[in-house]
Amino acid sequence: MHAEPFEYAQADTVSDAIRLLGEIEDSRLLAGGQALIPLLKQRKVAPATLVDISGIDELHGIEHTDTGVQIGALTTHREITNSDMLADSVPVLPAAISKISGGIQVHNVATIGGNIARAHPAYDYAGALLAAEARIHIAGPDGKQIVPITEFFCGACETCLEESQLVTAVEIDNWNNKRYGGYAKKKEPASGGSVIGIATDLLFEAEDNNRVSAARVAANGFQEHAVRITAAEEALTGRLINSEAIELAADAAGGEIDTNAILDNKKASADYREALLGPYVRRSLNKAIGK
Ligand SMILES: Cc1cc2nc3c(=O)[nH]c(=O)nc-3n(C[C@H](O)[C@H](O)[C@H](O)COP(=O)(O)OP(=O)(O)OC[C@H]3O[C@@H](n4cnc5c(N)ncnc54)[C@H](O)[C@@H]3O)c2cc1C
């Protein structure tokens with residue numbers, strides 16, 4: 001199928017993009033196009049105008065900040081997967097993004113900003129960013145704001161973004177001691193999205209670098225948007241990381257889950273997703289510690 005006809009506008013700066021979104025009725029941002037173009041072709045959306053932000057220099061790149069790293073909204077999956085800076089400072093992110101489907105074509109053009117703005121429950125960024133306790137930088141007609149990742153997603157394919165706002169960057173704090181990250185994903189065979197995807201970000205103590213200071217475990221594909229698996233986190237915090245601790249976390253994982261909120265759709269039943277939770281927490285933790 002072909003897309004409905006649409007107009008095309010190119011933004012050269014962030015303020016340009018905000019102005020165009022405000023001025024042109026029924027306009028929509030275009031970044032990598034890897035979600036939007038298929039939706040246009042399937043005629044699930046038909047905006048009158050696409051505002052192309054892919055040429056905005058200030059939205060590209062990964063850089064150190066005073067407290068951690070900042071990733072521009074147009075940074076591609078490939079740049080994230082290949083970043084030594086991210087592998088060192090926030091390993092859960094490249095671990096998760098390397099598992100995105102679609103092959104090298106998708107990884108070369110699809111962006112972190114487009115992925116989280118689309119907010120599809122089966123996408124892989126949200127859980128990793130939730131585990132890493134990221135902050136989202138947003139710009140719009142009323143200026144700039146920084147939103148904790150816990151307040152960014154508000155439902156399946158829904159975010160807190162308001163009219164004429166765009167994501168400009170994602171920021172993640174450093175941890176000065178040892179930090180491990182892992183991601184275990186059960187792929188839905190047809191789409192390659194997550195039936196479940198468990199992201200783990202393990203922060204270790206300075207004095208005893210095998211003892212978990214903080215454990216952050218989050219699930220993609222499990223509910224309408226990514227959620228923290230707090231019972232698994234509690235089971236790990238303060239423990240030496242070893243097989244026994246990992247088993248405790250896997251066994252505990254379902255403990256504080258609202259089972260009524262588990263996704264139940266044609267990709268997988270809620271019962272199946274619930275059954276996968278513990279085993280995928282175990283896998284993700286084993287990947288984080290290199291097993
Ligand atoms: C074959 C295939 C397989 C895929 N498999 C996976 C997978 O396994 N896991 C996964 O996570 N993803 C997957 N994806 C999705 C892909 O990884 C992209 O993240 C996704 O397409 C969105 O990124 P984009 O840059 O292409 O955004 P676009 O398609 O350009 O935009 C997506 C939406 O976000 C809006 N938008 C874009 N940028 C911004 C911004 N900066 N601020 C505000 N709104 C913005 C657009 O208006 C649009 O509504 C797959 C895609 C394809 C084609």
Side-chain angles (χ1 to χ4, degrees), residues 3 6 8-9 11 13-14 16-18 20-21 24 26-42 44-56 58-60 71-81 93-130 136-140 144-145 147 152-153 157-170 183-197 199 220-221 225-226 267:
F6 56 83
Y8 173 88
T13 62
V14 169
D16 222 12
I18 295 165
L20 288 166
L21 285 175
I24 308 173
D26 193 21
S27 53
R28 193 133 174 188
L29 293 173
L30 174 70
Q34 297 304 298
L36 188 53
I37 300 296
L39 289 172
L40 289 170
K41 285 181 159 180
Q42 292 160 24
K44 289 187 174 162
V45 296
T49 303
L50 296 188
V51 175
D52 186 353
I53 56 170
S54 63
I56 301 181
E58 61 197 289
L59 296 180
H60 282 276
I71 306 164
L74 287 174
T75 307
T76 63
H77 305 348
R78 189 167 170 78
E79 288 166 330
I80 286 172
T81 309
L93 191 57
I97 302 325
S98 67
K99 300 297 176 212
I100 287 183
S101 306
I104 198 160
Q105 293 89 341
V106 169
H107 280 250
N108 274 340
V109 290
T111 66
I112 183 170
N115 190 288
I116 63 171
R118 170 76 178 128
H120 196 288
Y123 279 5
D124 294 293
Y125 274 92
L129 295 178
L130 194 61
I136 311 301
H137 291 229
I138 293 170
K144 296 179 182 177
Q145 63 187 104
V147 175
F152 183 76
F153 299 105
C157 303
E158 281 178 31
T159 69
C160 71
L161 286 172
E162 290 172 9
E163 207 147 300
S164 305
Q165 285 189 328
L166 68 155
V167 173
T168 56
V170 172
Y183 192 66
K185 170 175 175 176
K186 171 75 180 165
K187 279 191 186 183
E188 196 273 315
S191 68
S194 293
V195 167
I196 194 167
N220 288 313
H225 57 75
K267 311 277 185 198

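Hydrogens, waters and symmetry mates are skipped; everything else that's a heavy atom, side chains included, is used. Remember, it's 1-based here, ligands and their atoms both numbered in the order they're listed.
By the 4.5 Å heavy-atom criterion applied to side chains, Tyr183 and Leu93 are not counted as neighbours. With contacts defined as side-chain heavy-atom distances shorter than 4.5 Å, the pair His77/Asn115 qualifies. Side-chain atoms of Leu166 and Val14, non-hydrogen and from C-beta on, do get closer than 4.5 Å to each other. Taking the side chain as every heavy atom from C-beta outward, Cys160 and Ile136 never approach each other to under 4.5 Å. A 4.5 Å side-chain heavy-atom check between Leu50 and Leu36 finds at least one atom pair inside the cut-off. Contact check for Leu40 versus Ile37: side-chain heavy atoms found under the 4.5 Å cut-off. Looking at Leu21 and Glu163, their side chains never come closer than 4.5 Å, going by heavy atoms from C-beta outward.
With respect to atom 1 (C) of ligand 1, the closest heavy atom belonging to the protein is Gly102 CA, 3.8 Å. Remark: minimum distance from atom 31 (O) of ligand 1 to any protein heavy atom is reached at Leu36 CB, 4.1 Å. The protein non-hydrogen atom at the shortest distance from atom 21 (O) of ligand 1 is Ala35 N, 2.8 Å. The protein heavy atom nearest to atom 28 (P) of ligand 1 is Gly33 N, 3.4 Å. Nearest protein neighbour of atom 50 (C) of ligand 1, counting heavy atoms only, is Val106 CG1, 4.3 Å. Looking at atom 6 (C) of ligand 1, its nearest protein heavy atom turns out to be Ile100 CG2, 3.6 Å. Ranking the protein heavy atoms by distance from atom 11 (O) of ligand 1 puts Asp124 N, 2.8 Å first. Of all protein heavy atoms, the one lying nearest to atom 46 (C) of ligand 1 is Leu29 O, 3.0 Å.
Taking only nitrogen or oxygen atoms, main chain and side chain alike, Val167 reaches within less than 3.5 Å of ligand 1. The shortest N/O to N/O separation between Ala122 and ligand 1 does not fall below 3.5 Å. In terms of polar-atom proximity, Ser101 is counted as a contact of ligand 1, with an N or O under 3.5 Å from an N or O of the ligand. Taking any N or O of Gln34, backbone or side chain, at least one lies under 3.5 Å from an N or O belonging to ligand 1. Among the atoms of Arg28, some N or O lies under 3.5 angstrom from an N or O of ligand 1. Between Asn115 and ligand 1, an N or O atom pair is found at a separation short of 3.5 Å.
Screening residues 96-108 for salt bridge (Lys or Arg N to Asp or Glu O under 4.0 Å) gives no qualifying pairs among residues at least two apart or on separate chains.
When each atom of ligand 1 is checked for a heavy atom of Gly32 under 4.0 Å away, the hits are 24 (P), 25 (O), 26 (O), 27 (O), 30 (O). In summary, the atoms of ligand 1 found under 4.0 Å from a heavy atom of Gly192, numbered by their order in the structure, are 8 (O). Remark: ligand 1 atoms within the under-4.0 Å shell around heavy atoms of Leu161 are 43 (C). Of all the atoms in ligand 1, the ones that sit under 4.0 Å from a non-hydrogen atom of Ala31 are 25 (O), 30 (O), 37 (C), 38 (N).
In terms of the side chain to side chain donor-acceptor pair (under 3.5 Å) criterion, Arg118 has no residue partners (sequence neighbours excluded).
Heavy atoms of other residues, nucleotides or ligands lying less than 6.0 angstrom from NZ of Lys186 number 12 at most.
Checking Lys185, Gln105, Lys187 against atom 8 (O) of ligand 1, the nearest heavy atom belongs to Lys185. Among Ala117, Gly114, Gly72, the residue whose heavy atom lies closest to atom 44 (N) of ligand 1 is Ala117.
Under a 4.0 angstrom heavy-atom cut-off, Ile53 registers as being in contact with ligand 1. Residue contact check for ligand 1: His77 places a non-hydrogen atom closer than 4.0 Å to it.
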task = Could you walk me through whether Asn220 and Ile196 pass the side-chain contact (heavy atoms from CB on, under 4.5 Å) test, one step at a time?
result = CA-CA 6 Å; Asn220 288 313; Ile196 194 167; over 6 Å; no

message = Please determine whether side-chain hydrogen bond (donor to acceptor under 3.5 Å, both in side chains) holds for the pair Asp124 and Ser194, giving the CA-CA distance in whole Å, both sets of side-chain angles, and the decisive distance to 0.1 Å.
response = CA-CA 7 Å; Asp124 294 293; Ser194 293; 2.7 Å; yes

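By the 30° and 60° cut-offs, the orientation of the rings of His225 relative to Phe153 is parallel.
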